[in-house]
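Heads up: numbering here begins at 1 and tracks the sequence. Owing to the predicted nature of the structure, the values given are computational and were not obtained by experimental measurement.
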Amino acid sequence: MQITTRYAGKQSFGLYCGLCLPWTSATSLVESMSLTAQAGAVTGTIAAFVEGPIDFYKSQIQVQIIRSRADPNYKPAYTTVFDCVKATIRTNGFKGPFQGLGATLVRNAPANSVYLGSFEVMKDQMAAYRNCKKTELPAAWVITAGGLGGLLYWLAIYPVDVIKSAMATDSIEPSKRKYPDMATTYKKLMADGGPSRFYRGFTPCLARAMPANGVMLYTVDKVTATLSK
């Protein structure tokens, strides 16, 4: 009787451990994803203040090129990026380069949270599936994780990026702006083409996202591993 009781107790303990292990693994996964997602959100927020002005000037020059091709009589307001920098600062002071910054922040924080968080979680799951360390994953697997992370990045925020682009390509003169804020931009774009207006260029964007982000995050992964040795 005593032996039976002990055996039953061991069985119960074994069953308890068996049930707890998946729960512990899932909890660790959630915690890992949460930390990486938070780091991604902070990174995206900080990057917006550097990326925003660069993207703004790029957008201003690009829209001039498009208009010049569409209208031979169109005269570009700026002949160089430096001319554009001088004009924006002269018109709006040092806040000029941050036109559309609000939309960039709304895009970057959640996008990078999903982007980097999903990349690390997928690597964790791949390593568990192959029963190896994340640093031992084959290149193809890491590139796939990075590519899928890139897809999730754009799936999460593409409409916000469309709003950001509309604001960044708008006039630098506040009185002439068609898209002065996010709410007005959303309403005008919706009136212009409905929900599909927010997904123009979506397919080529996704086609680029997979290989570009896959290779980029694989490179970051390998450089980080090398520097950590």
Side-chain angles (χ1 to χ4, degrees), residues 36-67 69-70 81 84-85 88 92 95-122 145-172 174 176-217 219-220:
T36 308
Q38 289 175 41
V42 173
T43 300
T45 300
I46 295 172
F49 289 91
V50 178
E51 178 186 359
I54 295 172
D55 201 36
F56 166 68
Y57 288 122
K58 180 199 74 172
S59 299
Q60 287 288 318
I61 297 300
Q62 282 180 334
V63 79
Q64 284 195 155
I65 294 171
I66 294 170
R67 288 175 181 171
R69 290 174 179 173
V81 174
C84 187
V85 172
T88 53
N92 298 307
K95 68 177 182 179
F98 295 97
Q99 185 172 317
L101 178 63
T104 304
L105 286 169
V106 171
R107 179 195 69 174
N108 275 24
N112 283 279
S113 178
V114 170
Y115 179 47
L116 297 177
S118 62
F119 175 59
E120 289 301 326
V121 167
M122 281 187 277
L148 291 173
L151 287 178
L152 291 174
Y153 176 104
W154 289 111
L155 285 169
I157 52 80
Y158 193 81
V160 179
D161 187 68
V162 171
I163 291 173
K164 186 273 303 178
S165 296
M167 295 177 71
T169 55
D170 206 0
S171 174
I172 65 169
K176 296 182 179 179
R177 285 179 191 166
K178 184 179 179 182
Y179 308 113
D181 53 64
M182 288 186 66
T184 302
T185 304
Y186 170 79
K187 290 176 183 177
K188 290 188 174 181
L189 292 178
M190 180 64 79
D192 181 44
S196 63
R197 176 64 181 84
F198 296 94
Y199 288 93
R200 289 181 185 174
F202 189 49
T203 301
C205 177
L206 291 185
R208 181 193 67 178
M210 187 80 179
N213 288 280
V215 172
M216 184 183 73
L217 286 182
T219 303
V220 169

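For the pair Tyr115/Asn213, a side-chain contact is recorded, criterion being any heavy-atom separation below 4.5 Å from C-beta on. Counting heavy atoms from C-beta outward, Val160 and Lys164 have side chains that stay 4.5 Å or more apart. Annotation: side chain of Thr104 is not in contact with side chain of Phe49 (no heavy-atom distance under 4.5 Å). Counting only heavy atoms from C-beta outward, the side chains of Met167 and Gln99 never approach each other to under 4.5 Å. Between Leu206 and Tyr158 the shortest side-chain heavy-atom distance does not fall below 4.5 Å. At a threshold of 4.5 Å between non-hydrogen side-chain atoms, the residues Ile172 and Asn92 count as touching. A heavy-atom distance below 4.5 Å is not found between the side chains of Lys188 and Asp192. Under the 4.5 Å side-chain criterion, counting only non-hydrogen atoms from C-beta, Leu155 is in contact with Phe202.
Between the side chain of Ser113 and the backbone N or O of Ala109, no donor-acceptor pair lies under 3.5 Å.
Residue Tyr186 qualifies as open at atom OH: its count of foreign heavy atoms under 6.0 Å is 12 or below. By the 6.0 Å contact criterion, NZ on Lys187 is open, its count of non-hydrogen atoms from other residues, nucleotides or ligands being 12 or less.
Put simply, CE on Met216 and CZ on Phe119 are 9.0 Å apart, with the number rounded to the nearest 0.5 Å. For the atom pair CD1 of Ile163 and OH of Tyr179, the computed distance is 10.5 Å after rounding to the nearest 0.5 Å. Between atom CZ of residue Arg107 and atom CD1 of residue Ile157 there is a gap of 6.0 Å, rounded to the nearest 0.5 Å.
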Exercise for the section: Kindly indicate, with the supporting measurements, whether the criterion side-chain contact (heavy atoms from CB on, under 4.5 Å) is fulfilled by Arg197 and Val162. Expected result: CA-CA 9 Å; Arg197 176 64 181 84; Val162 171; 3.8 Å; yes

Exercise for the section: Decide yes or no on side-chain contact (heavy atoms from CB on, under 4.5 Å) for Leu105 and Thr45, but give the supporting numbers first. Expected result: CA-CA 6 Å; Leu105 286 169; Thr45 300; 3.9 Å; yes

Problem - Audit row: Tyr153, Asn112, side-chain contact (heavy atoms from CB on, under 4.5 Å) steps and yes/no - result: CA-CA 7 Å; Tyr153 176 104; Asn112 283 279; 4.2 Å; yes

Practice task
Report the C-alpha distance between Phe98 and Phe56 in whole Å, list the side-chain angles of each, state the deciding distance to 0.1 Å, and finish with yes or no for side-chain contact (heavy atoms from CB on, under 4.5 Å).
Solution key: CA-CA 7 Å; Phe98 295 97; Phe56 166 68; over 6 Å; no

Exercise for the section: Could you walk me through whether Asp170 and Arg177 pass salt bridge (Lys or Arg N to Asp or Glu O under 4.0 Å), step by step? Expected result: CA-CA 6 Å; Asp170 206 0; Arg177 285 179 191 166; 5.4 Å; no

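Minimum heavy-atom separation, Gly146 to Leu217: CA-CD1, 3.7 Å. Nearest heavy-atom pair across Thr169 and Ser59 is CG2-CB, 3.6 Å. Taking each heavy atom of Pro53 and Ala48 in turn, the nearest pair found is CD-O, 4.1 Å. The shortest heavy-atom contact between Ala207 and Pro211 is O-CD, 3.2 Å. Ala156 and Val114 make their closest contact through CB-CG2, 4.5 Å (heavy atoms, listed as atom of the first residue, atom of the second, distance). Considering all non-hydrogen atoms of both residues, Cys84 and Gln60 come closest at SG-CB, 3.8 Å.
Among the candidates Ile61, Ile54, Asp55, the single residue satisfying the side-chain contact (heavy atoms from CB on, under 4.5 Å) test with Lys58 is Asp55.
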